[in-house]
Visitor: 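To start, I am sharing the structure in question, which I have written as structure tokens.
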Amino acid sequence: IPVFAIAAVTADGRNPEMARQQRRMVGRRAEMAQIAALIEGAAEGQGSALLVRGDPGIGKTALLRETARNAEQRGFAAIQARVLDFGASRETEVGATLCAGLLAEIAPGPAQEALPAAIAGGALPAELAPFAADLLSLAQSQAHIDLLRSMDEAARERGRARALGTLLRSAARRRPLLLIVEDVHW
């Protein structure tokens, strides 16, 4: 049975998603100037945090997309995670996304290969490997599984936080980082 799909294209023949990603930011000069100053400060070693908030549909995601693009042009690694609407995601999914992005900065390749490489390269102590593997839902040795099961949730959470913090510091030593977590309010 022949199957056909209609692919949407813009008037100039481009894929709409590609066209949307290539659009330039219109307006928001003041906001972009403030963000550019934060990026400049971060490039000079002064870390900072920024909260972008507003009503749905006013362009927060577009502003963050432009911010990531600008930071990447400056040599930053831009790692993005999103909390799914209405609690549809596990609370560890944002941590998993950040962990995967940080790990990719340290040791490119599939996570199951990058994690041992990060340990071998000194970016992550071996004792934190079970927590990073847990965040990434990677297969683990029975000893690591037993170790995680022997802990209460608070201890596992502290271990995952330590693994993320360690990967964050290791990745930041390589080049500046921009971490974007969208829709935190959910």
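Note that the structure is predicted; figures quoted are calculated from it, not measured.
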Visitor: Would you name the heavy atoms of Ala163 and Leu124 that are closest together and state the gap between them?
Guide: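 Distance-wise, the nearest heavy atoms are O-CD1, 4.0 Å.
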
Visitor: Show me the side-chain donor-acceptor pairs of residues 138-148 shorter than 3.5 Å, one per line, residues at least two apart or across chains.
Guide:
unit_1 : atom_1 : unit_2 : atom_2 : d
Gln140 : NE2    : Pro130 : O      : 3.2
Ser141 : OG     : His144 : N      : 3.2
Gln142 : NE2    : Asp146 : OD1    : 2.8

Visitor: Once you round to the nearest 0.5 Å, how far does CD of Gln34 lie from CZ of Arg28?
Guide: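 Here the interatomic distance stands at 11.5 Å.
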
Visitor: Got Leu63 and Ile58 here, is their nearest side-chain heavy-atom distance under 4.5 Å?
Guide: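 A side-chain contact under 4.5 Å is absent here.
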
Visitor: So, for Gly95 and Leu164, which heavy atoms are closest and what is the spacing to 0.1 Å?
Guide: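 Looking at all heavy atoms of both residues, the closest pair is O-CD2, 3.7 Å.
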
Visitor: How close do Ala107 and Ala114 get, counting heavy atoms only, and between which atoms?
Guide: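 In terms of heavy atoms, the two residues are closest at O-CB, 2.9 Å.
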
Visitor: Would you call Arg69 and Glu72 a salt bridge, taking side-chain N to carboxylate O under 4.0 Å as the test?
Guide: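 Glu72 and Arg69: not salt-bridged.
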
Visitor: For the residue pair Ile106 and Leu167, establish whether any side-chain heavy-atom pair is separated by less than 4.5 Å.
Guide: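 Side chain of Ile106 against side chain of Leu167, heavy atoms only: contact under 4.5 Å found.
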
Visitor: Do the side chains of Ile79 and Leu178 get nearer than 4.5 Å, heavy atoms only?
Guide: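 In short, these two side chains do not touch, never coming nearer than 4.5 Å.
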
Visitor: Would Arg160 and Glu153 count as a salt bridge (charged side-chain N to carboxylate O under 4.0 Å, His left out) here? Give the steps.
Guide: CA-CA 10 Å; Arg160 289 189 289 256; Glu153 184 55 31; 2.4 Å; yes

Visitor: Is it true that a side-chain atom of Arg174 and a backbone atom of Ser170 form a donor plus acceptor pair closer than 3.5 Å?
Guide: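 Such a contact is found between Arg174 side chain and Ser170 backbone.
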
Visitor: Check whether any side-chain heavy atom of Pro125 sits under 4.5 Å from a side-chain heavy atom of Ile119, and report yes or no.
Guide: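 With C-beta onward as the side chain, the pair stays apart.
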
Visitor: If you measure from SG on Cys99 to CG on Leu136, what distance do you get to the nearest 0.5 Å?
Guide: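 If we round to the nearest 0.5 Å, Cys99:SG and Leu136:CG are 4.0 Å apart.
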
Visitor: For a quick test of reading the model, state the closest non-hydrogen atom pair linking Leu103 to Ala118 and the distance between them.
Guide: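 Minimum heavy-atom contact is CD1-CB, 3.7 Å.
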
Visitor: What are the two closest heavy atoms between Gln80 and Ala68, and how far apart are they?
Guide: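 Nearest heavy atoms, Gln80 then Ala68: NE2-CB, 3.7 Å.
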
Visitor: Keeping Lys60 on the side-chain end and Asp55 on the backbone end, is there a donor-acceptor pair under 3.5 Å?
Guide: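 Side chain of Lys60 to backbone of Asp55: a pair is present.
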
Visitor: When you look at Leu102 and Leu177, which way does the side-chain contact (heavy atoms from CB on, under 4.5 Å) test go after all the steps?
Guide: CA-CA 9 Å; Leu102 293 167; Leu177 299 175; 3.8 Å; yes

Visitor: Contact between Glu157 and Phe131 at the side-chain level, heavy atoms closer than 4.5 Å - yes or no?
Guide: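 Not in contact.
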
Visitor: Which heavy atom of Leu135 sits nearest a heavy atom of Ala96, and at what distance?
Guide: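 Heavy-atom minimum between the residues: O-CB, 3.1 Å.
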
Visitor: Are any side-chain N or O atoms of Arg82 and backbone N or O atoms of Val181, one a donor and one an acceptor, separated by less than 3.5 Å?
Guide: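 Checked: no pair found.
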
Visitor: Do the side chains of Glu40 and Arg74 get nearer than 4.5 Å, heavy atoms only?
Guide: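 Sidechains of Glu40 and Arg74: in contact.
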
Visitor: Stepwise, does the side-chain contact (heavy atoms from CB on, under 4.5 Å) test hold for Leu168 with Leu179?
Guide: CA-CA 10 Å; Leu168 176 65; Leu179 302 181; 3.5 Å; yes

Visitor: Using the rule given for side-chain contact (heavy atoms from CB on, under 4.5 Å), can you reason through Arg169 versus Arg173, listing the C-alpha separation, both sets of side-chain angles and the distance that settles it, and then say yes or no?
Guide: CA-CA 6 Å; Arg169 286 185 294 280; Arg173 281 194 280 283; 3.8 Å; yes

Visitor: Using side-chain heavy atoms (C-beta onward) and a distance below 4.5 Å, is Glu66 in contact with Asn70?
Guide: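 They are in side-chain contact.
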
Visitor: Is any side-chain heavy atom of Ile39 less than 4.5 Å from a side-chain heavy atom of Phe76?
Guide: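 Yes. Closest side-chain heavy atoms under 4.5 Å.
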
Visitor: Could you tell me the separation between the OG atom of Ser137 and the CD atom of Glu93, rounded to the nearest 0.5 Å?
Guide: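 Ser137 atom OG to Glu93 atom CD measures 8.5 Å (nearest 0.5 Å).
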
Visitor: As an exercise, state the distance from CD1 of Ile180 to CG of Leu64, rounded to the nearest 0.5 Å.
Guide: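 Taking CD1 in Ile180 and CG in Leu64, the distance rounds to 5.0 Å.
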
Visitor: Output the distance between atom CG (Asp134) and atom CZ (Arg156), rounded to the nearest 0.5 Å.
Guide: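 The distance works out to 7.5 Å.
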
Visitor: Looking at Thr97 and Ala81, would you say the former's side chain and the latter's main chain have a donor-acceptor pair under 3.5 Å?
Guide: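 No, the answer is negative, given that no donor and acceptor are paired below the 3.5 Å cut-off.
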
